[in-house]
Amino acid sequence: MGGTLSLCLIYVAIYLKDWASGWMSSSLALGVLVAGLAIGFGSIAIRSNPLRSLQPASLAALLAFVVAWCLTLATTDTANLSSYYLAIPCAFVIVNTNPSAFFKVLLVHLVLTITIQFFEYASGQYFFVYQASDGTQLNEELFGGGLGVFRAKGLFQGPLSAVAFAYWMAFLSRGSMVAAGALFLCAFLASGRLGMLTACALIAVRMLGGGRGASTKSLLLAFVVIALGAAALFASADADRLYFISTALDLGNSQNQSRFEFWLAALTYFLSYSPLHLIFGNFGFILHQEGGSESDFLRLLLDCGVVGFGIYIAAIGALIGRAFRRGDREGLFIALTVIALMNIFPFVQSLSSSVLFWMYVIATLSRPRFEQAGRQRAGRPGRSARRALPAVLGTVPAPMSSHEKGPV
């Protein structure tokens, strides 16, 4: 019961706070999140043998977070509430409680988001307008840019947050052509150019990799359906939207040029930090100075220092190492894509995405243990294999092949 309540509170605090921004302040959302984490850690602690039930990768990530966060507090006298840090205990509770159930809720969230995006795309108006803590309204004009291109966002504060969420849902749904198609759809409705490009590459990788062991006929059918759907979407787009999409790789485009300016400014600020801030970061500084950095790696350095940056680099390095050892082509593609995306835009900056980053990392690195635990628990009276197996995310009926087909 405690675990279920914990996951409900975490979901509300992270994934519904944008929609509820009109009456749920950031402080209230943080309070709900802290309550969810407290209940979650409590439900884990009262187990008969809590340490033995934990996924090793989740414990390693949590220990790294605790050490880094406590050292930061002790040396800088700052409670670093960066999403990059907060995501780790959130993912720890989710993965060690009931990740399969949580993922199913997120699937519903994705379906609702894309459905709302369709209505927004058709009407040209947002389902809700996010209100920032300073009272700023993140409305259609703000995200439309100079061309005034409407960018649907569903249940998120902005279009890129929606696309980042769809990215991670596609990555977590290993081998799924449907999930890759959903990423393309969400990205198109949000005019997320990198999202569309990545979705096409992911579809190609899954076609070549066999996509969950599906037959060639099924894969070709899925490809044709996605291709026809994409053609219909582009046919419905106006000239401004098509032009905006076409400038994705145009480095001379003003929007792309502005990214370079953000990166240069962020790097200059970091190099001017004191030795203490170089190590532990200066949380909130870049947000106050520039409003952001347009790069996760630079934002990590600025907010969390070399210590926080190192935690994320170690996690990504572990993913790459595992993919090489197991000959996992899709896993390697995802890890390299994450590196690219974190370099060029704030892909993991929001808590809704950084939590999924750590869920993916922990589930991928702990996969054999997940499968063994699932098979053991399935044999207990009154427990089904589907309920017992918390591998992210879904049921794995047999050990994975060398190509890692199926959900992560």
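Just so we're clear, the structure is a prediction, and the values are computed from it rather than from any experiment.
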If only atom types and distance count, is the side chain of [X] paired as donor or acceptor with the main-chain N or O of [Y] below 3.5 Å?
X    : Y    : result
S176 : S173 : no
T198 : G195 : no
Q117 : G154 : no
R322 : T364 : yes

Looking at [atom1] of [X] and [atom2] of [Y], how far apart are the two atoms once the value is rounded to the nearest 0.5 Å?
X    : Y    : atom1 : atom2 : answer
I279 : T72  : CD1   : OG1   : 10.0 Å
L332 : L319 : CG    : CG    : 10.0 Å
S6   : F102 : OG    : CZ    : 9.0 Å
L189 : F150 : CG    : CZ    : 9.5 Å
F283 : T78  : CZ    : OG1   : 9.5 Å
H277 : T76  : NE2   : OG1   : 6.0 Å

Could you walk me through whether S27 and S25 satisfy the side chain to side chain donor-acceptor pair (under 3.5 Å) test, starting with their C-alpha distance in whole Å, then the side-chain angles of each, then the deciding distance to 0.1 Å, before giving a yes or no? CA-CA 5 Å; S27 299; S25 65; 4.7 Å; no
Set out, in order, the CA-CA distance, both residues' side-chain angles and the distance that settles side chain to side chain donor-acceptor pair (under 3.5 Å) for Y84 and W358, then state yes or no. CA-CA 10 Å; Y84 297 115; W358 283 106; over 6 Å; no
Test F347 against W168 for ring pair (Phe, Tyr, Trp, His ring centres under 6.0 Å), laying out the working first. CA-CA 10 Å; F347 178 49; W168 284 111; 5.2 Å; yes
Please tabulate, for side-chain N and O atoms in residues 57-71, each donor-acceptor pair with protein atoms closer than 3.5 Å (sequence neighbours left out).
from	atom 1	to	atom 2	distance (Å)
S58	OG	Q55	O	2.6
S58	OG	N96	ND2	3.0
W69	NE1	N80	O	2.7

For the pair V12 and M24, evaluate side chain to side chain contact (heavy atoms under 4.5 Å, CB included) and give the outcome as yes or no after the intermediate values. CA-CA 10 Å; V12 169; M24 179 184 282; 4.0 Å; yes
Just do the side chain to side chain contact (heavy atoms under 4.5 Å, CB included) check on I320 and I339 with the steps written out, would you? CA-CA 10 Å; I320 294 174; I339 292 174; 3.7 Å; yes
Using side-chain hydrogen bond (donor to acceptor under 3.5 Å, both in side chains) as the criterion, list what pairs up with E294, not counting sequence neighbours.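 Here the qualifying residues are R259.
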Apply the test ring pair (Phe, Tyr, Trp, His ring centres under 6.0 Å) to residues F118 and Y121: give CA-CA distance (whole Å), side-chain angles for both, the deciding distance (0.1 Å), then the verdict. CA-CA 5 Å; F118 262 118; Y121 182 78; 7.4 Å; no
I would like to know whether D296 and N343 meet side chain to side chain contact (heavy atoms under 4.5 Å, CB included); could you show each step before the answer? CA-CA 6 Å; D296 276 308; N343 264 302; over 6 Å; no
Taking every non-hydrogen atom, the tightest pair across [X] and [Y]:
X    : Y    : answer
G40  : V93  : CA-CG1, 3.8 Å
I362 : A91  : CD1-CB, 4.2 Å
M359 : L172 : C-CD2, 4.5 Å
E120 : K153 : OE1-N, 2.9 Å
Y126 : R151 : OH-O, 2.7 Å
A315 : V361 : CB-CG1, 4.0 Å

Which label fits Y167 and F171: parallel for a plane angle under 30°, tilted from 30 to 60°, or perpendicular past 60°? tilted
So do the side chains of [X] and [Y] get within less than 4.5 Å of each other, counting heavy atoms only?
X    : Y    : value
L33  : I10  : yes
H288 : N282 : no
F156 : S353 : no

Any side-chain donor-acceptor pair under 3.5 Å between S293 and S295? no
Full working for side chain to side chain contact (heavy atoms under 4.5 Å, CB included) between L155 and D18: CA-CA 7 Å; L155 287 169; D18 290 349; over 6 Å; no
